[in-house]
Enquirer: 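Have a look at this one.
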Amino acid sequence: MTTVTTTTPPLNQSSFDLSGPYGDWRDDLHNQGYVVIKNVIDPERAQGYQRKALDWLKSFSPALDLDDPSTWIKDNLPVQRKVNTFNGYSVTHEKFMWDARMEPKILKAFAKLWGTDELLVSFDALNVTLPNQKDKPAQKPWPHVDQSPFRRGLHCIQGIINLSNAGPEDGSLMVFPRSNTVTERFFDAETDPFTWEQKDIHLFSVEEIKWFEDHGMKPSKVLAEPGDLILWDSRTVHWGGEPTVNSNTIRTVIYASYAPYALATEESLRWKKEAFESYRATTHWPHENIVIRDGVVHLPDGSVDPRNRSMPLEVPEHTDRLLQLAGVKSYRERAFDVDLPYCSQSKYEII
């Protein structure tokens with residue numbers, strides 16, 4: 001008789017420790033799972049980035065008038081992969097997106113966090129939320145973490161470059177403060193390891209969220225102003241909160257995460273190079289989990305959007321610093337030019 005023993009894959013333990021104490025915002029990030037760093041971009045510059053983002057949005061239909069909410073309908077808007085977020089149409093590589101990612105104080109914040117200025121950045125989405133959009137169904141909360149249960153410790157810090165006001169009535173990030181400190185305990189105590197996935201996302205059911213509430217945690221909206229930087233641990237339970245009916249603010253944010261170049265494998269760098277050269281988006285993760293989004297945007301009926309774009313409206317200057325952040329050029333001044341292997345369809349995520 002043959003006995004088959006099934007085991008789960010080993011845990012991937014991070015070697016990075018953010019326990020401090022530091023006497024600055026890093027302590028809040030560690031203890032609460034998120035933090036708002038004020039004024040990393042001058043508010044006027046932030047509003048300039050917002051104007052660029054809204055100009056990009058208006059480029060899809062002359063009928064879209066941001067001063068006239070009656071024109072805020074799906075037919076006048078680019079297709080969204082998820083509610084309120086855009087990562088198709090090469091938007092992740094528009095000049096205004098790269099200019100915002102390369103803001104000096106943003107780079108300084110992540111350099112302080114990771115202890116190095118040799119960083120990689122994610123090719124992440126733009127979020128434009130039109131309040132009270134008539135033909136958009138109400139979005140229920142979708143609490144989740146962006147880190148697999150197989151990963152332990154701090155692996156990824158996500159970021160929002162805030163370009164609009166996020167007040168109590170407006171759309172903003174929702175978090176369960178301190179949930180980063182117990183998420184791993186939840187997986188171990190409340191789930192079966194044989195059901196875990198390597199994919200870096202876990203959506204929580206209503207029953208699962210009750211476990212966090214029973215441990216004294218409740219959701220909180222992150223309030224921020226134009227030019228603020230919001231950071232959170234990928235183990236922090238979170239989701240994108242919708243505006244209330246009392247909001248008239250067009251939420252505009254850029255998602256951007258950074259991690260040390262030294263943490264990336266050559267395979268990850270190959271995939272980043274592929275995404276960069278084809279103007280496509282990836283995930284929240286800058287150094288691992290490099291899933292390349294499909295470059296072709298489809299309409300709800302499955303046909304290709306005739307407005308699809310294979311390159312940005314405005315391509316940024318490919319400076320050495322930009323290429324280093326993209327992972328295309330090494331910080332040792334060696335251009336990364338390794339030929340890519342054949343890319344199977346399973347490596348790509350369809351929009």
Side-chain angles (χ1 to χ4, degrees), residues 8-9 11-12 14 32-34 79-88 122 124-127 129 136-160 171-222 230-243 251 253 255-257 281-286 288-294 300 346-351:
T8 58
L11 300 180
N12 181 350
S14 171
Q32 297 298 315
Y34 78 100
V79 176
Q80 298 169 328
R81 178 178 169 270
K82 292 181 179 178
V83 176
N84 306 322
T85 61
F86 303 96
N87 60 24
S122 59
D124 212 338
L126 171 71
N127 180 318
T129 302
K136 188 179 76 173
Q139 172 76 359
K140 295 181 179 179
W142 51 296
H144 66 283
V145 292
D146 289 298
Q147 184 166 310
S148 166
F150 286 111
R151 296 189 195 266
R152 298 304 167 102
L154 192 153
H155 284 263
C156 183
I157 295 293
Q158 295 171 236
I160 283 176
S172 187
L173 179 71
M174 298 291 298
V175 298
F176 270 71
R178 297 184 293 108
S179 55
N180 62 305
T181 65
V182 298
T183 300
E184 293 166 7
R185 176 150 51 105
F186 163 81
F187 284 125
D188 289 340
E190 301 296 318
T191 65
D192 181 352
F194 290 101
T195 67
W196 293 352
E197 296 184 35
Q198 295 284 356
K199 190 174 183 180
D200 284 300
I201 187 169
H202 177 86
L203 295 168
F204 293 94
S205 67
V206 173
E207 293 75 22
E208 288 177 329
I209 281 297
K210 189 176 184 304
W211 185 90
F212 292 90
E213 295 171 340
D214 290 344
H215 284 74
M217 300 174 191
K218 60 182 180 179
S220 176
K221 178 177 285 187
V222 180
I230 305 171
L231 303 180
W232 70 100
D233 186 329
S234 285
R235 296 170 297 173
T236 301
V237 179
H238 66 281
W239 69 93
E242 291 288 290
R251 185 191 184 203
V253 306
Y255 298 98
S257 304
T282 56
T283 66
H284 298 307
W285 288 61
E288 288 188 87
N289 186 27
I290 311 299
V291 180
I292 304 176
R293 311 299 189 190
D294 188 358
S346 63
K347 186 66 180 179
Y348 292 79
E349 182 169 328
I350 304 301
I351 292 179

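These numbers come from the heavy atoms of this one structure, side chains and all, not from hydrogens, waters or symmetry mates. Because the structure is predicted, anything quoted here is derived from the model rather than measured.
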Enquirer: Mind checking the CD-NE2 spacing from Gln147 to His284? Nearest 0.5 Å is all I need.
Expert: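 Rounded to the nearest 0.5 Å, the CD-NE2 separation comes out at 12.5 Å.
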Enquirer: Do Phe176 and Ile209 come within less than 4.5 Å of each other through their side chains, counting heavy atoms only?
Expert: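 Phe176 vs Ile209: side chains touch.
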Enquirer: Taking all non-hydrogen atoms of both residues, which atom of His238 and which atom of Thr236 are closest, and how far apart?
Expert: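 Nearest pair, atom of His238 first, then Thr236: ND1-O, 2.7 Å.
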Enquirer: Which residues pass the salt bridge (Lys or Arg N to Asp or Glu O under 4.0 Å) test with Asp200, not counting sequence neighbours?
Expert: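 Partners of Asp200 by the salt bridge (Lys or Arg N to Asp or Glu O under 4.0 Å) criterion, ordered by chain and then number, come out as Arg151.
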Enquirer: Return yes if some donor-acceptor pair links the side-chain N/O of Gln198 with the main-chain N/O of Ser148 below 3.5 Å, else return no.
Expert: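 A pair under 3.5 Å: no.
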Enquirer: For the residue pair His144 / His202, report whether a side-chain donor-acceptor contact shorter than 3.5 Å exists.
Expert: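 Not at all, the side chains of His202 and His144 share no donor-acceptor pair under 3.5 Å.
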Enquirer: Minimum heavy-atom separation for Val237 and Pro143, please, with both atom names.
Expert: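 It is CG1-CB, 3.7 Å.
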Enquirer: Can you confirm whether Val175 sits close enough to Gln32 that some side-chain heavy atom of one is under 4.5 Å from a side-chain heavy atom of the other?
Expert: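 When only atoms from C-beta onward are counted, Gln32 and Val175 do not touch, as no gap falls below 4.5 Å.
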Enquirer: With rounding to the nearest 0.5 angstrom, report the CG to CG distance, Leu231 to Leu173.
Expert: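 If we round to the nearest 0.5 Å, Leu231:CG and Leu173:CG are 10.5 Å apart.
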Enquirer: Using only heavy-atom distances, determine whether the side chains of Asn127 and Thr129 contain a donor-acceptor pair under 3.5 Å.
Expert: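 Checked: Asn127/Thr129 side chains pair up, N/O donor to acceptor below 3.5 Å.
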Enquirer: If you round to the nearest 0.5 Å, how far is CZ of Phe212 from CE of Met217?
Expert: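 Output value for this atom pair is 7.0 Å.
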Enquirer: With sequence neighbours left out, what residues match Ser122 under side chain to side chain contact (heavy atoms under 4.5 Å, CB included)?
Expert: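 Ser122 satisfies side chain to side chain contact (heavy atoms under 4.5 Å, CB included) with Asp124, Ser257, Pro286 once adjacent residues are dropped.
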Enquirer: Would you check if the side chain of Thr85 reaches a backbone N or O of Ala125 as a donor-acceptor pair within less than 3.5 Å?
Expert: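 No; judged by distance alone, with no hydrogens or angles, the pair does not exist.
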Enquirer: Is it the case that Gln158 and Ser234 place a side-chain donor and acceptor less than 3.5 Å from each other?
Expert: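 Side chains of Gln158 and Ser234: pair found under 3.5 Å.
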Enquirer: Can you confirm whether Tyr255 sits close enough to Asn87 that some side-chain heavy atom of one is under 4.5 Å from a side-chain heavy atom of the other?
Expert: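 No, side chains not in contact.
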Enquirer: Just by modelled atom types, is the Asn12 backbone N or O under 3.5 Å from a matching donor or acceptor in the His155 side chain?
Expert: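 Between the backbone of Asn12 and the side chain of His155 there is a qualifying donor-acceptor contact (under 3.5 Å).
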Enquirer: Could you tell me which residues satisfy side chain to side chain contact (heavy atoms under 4.5 Å, CB included) with Asp214, sequence neighbours excluded, listed by chain and number?
Expert: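 Asp214 satisfies side chain to side chain contact (heavy atoms under 4.5 Å, CB included) with Lys210 once adjacent residues are dropped.
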Enquirer: My understanding is that only residues two or more places apart in sequence, or in another chain, count here; which of them pass side chain to side chain contact (heavy atoms under 4.5 Å, CB included) with Ser172?
Expert: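 Listed in chain order: Ala166, Lys221, Val222.
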Enquirer: Tell me which pairs pass salt bridge (charged side-chain N to carboxylate O under 4.0 Å, His left out) where either residue lies in residues 173-182, with sequence neighbours left out.
Expert: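 Found none.
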Enquirer: For side chain to side chain contact (heavy atoms under 4.5 Å, CB included), just list the numbers for Arg152 and Asp188, CA-CA rounded to whole Å, side-chain angles, deciding distance to a tenth of an Å, and then say yes or no.
Expert: CA-CA 11 Å; Arg152 298 304 167 102; Asp188 289 340; 2.9 Å; yes
Enquirer: What's the shortest heavy-atom distance between Phe150 and Pro193, and which atoms?
Expert: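 Phe150 and Pro193 have their closest heavy atoms at CZ-O, 4.3 Å.
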Enquirer: Only counting residues at least two apart or in another chain, list the ones meeting salt bridge (Lys or Arg N to Asp or Glu O under 4.0 Å) with Asp233.
Expert: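 Only Arg235 meet the salt bridge (Lys or Arg N to Asp or Glu O under 4.0 Å) criterion with Asp233.
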Enquirer: Can you tell me how far apart CG (Asn289) and OG1 (Thr283) are? Round to the nearest 0.5 Å.
Expert: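 Going from the CG atom of Asn289 to the OG1 atom of Thr283 covers 4.0 Å.
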Enquirer: Just verifying a value: how many Å separate Glu190 CD and Phe204 CZ, rounded to the nearest 0.5 Å?
Expert: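 One finds 11.0 Å between CD of Glu190 and CZ of Phe204.
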Enquirer: From Trp285 CH2 over to Ile290 CD1, what is the distance, rounded to the nearest 0.5 angstrom?
Expert: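 It is 9.5 Å, given to the nearest 0.5 Å.
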Enquirer: Can you find a heavy atom in the side chain of Trp239 that is under 4.5 Å from one in the side chain of Pro219?
Expert: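 Result yes, sub-4.5 Å side-chain heavy-atom pair found.
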Enquirer: Apply side chain to side chain contact (heavy atoms under 4.5 Å, CB included) to the pair Phe186 and Val145, showing each step before the final yes or no.
Expert: CA-CA 12 Å; Phe186 163 81; Val145 292; over 6 Å; no
Enquirer: Between Trp211 and Val182, is the side chain to side chain contact (heavy atoms under 4.5 Å, CB included) condition met? List the steps.
Expert: CA-CA 10 Å; Trp211 185 90; Val182 298; 3.9 Å; yes
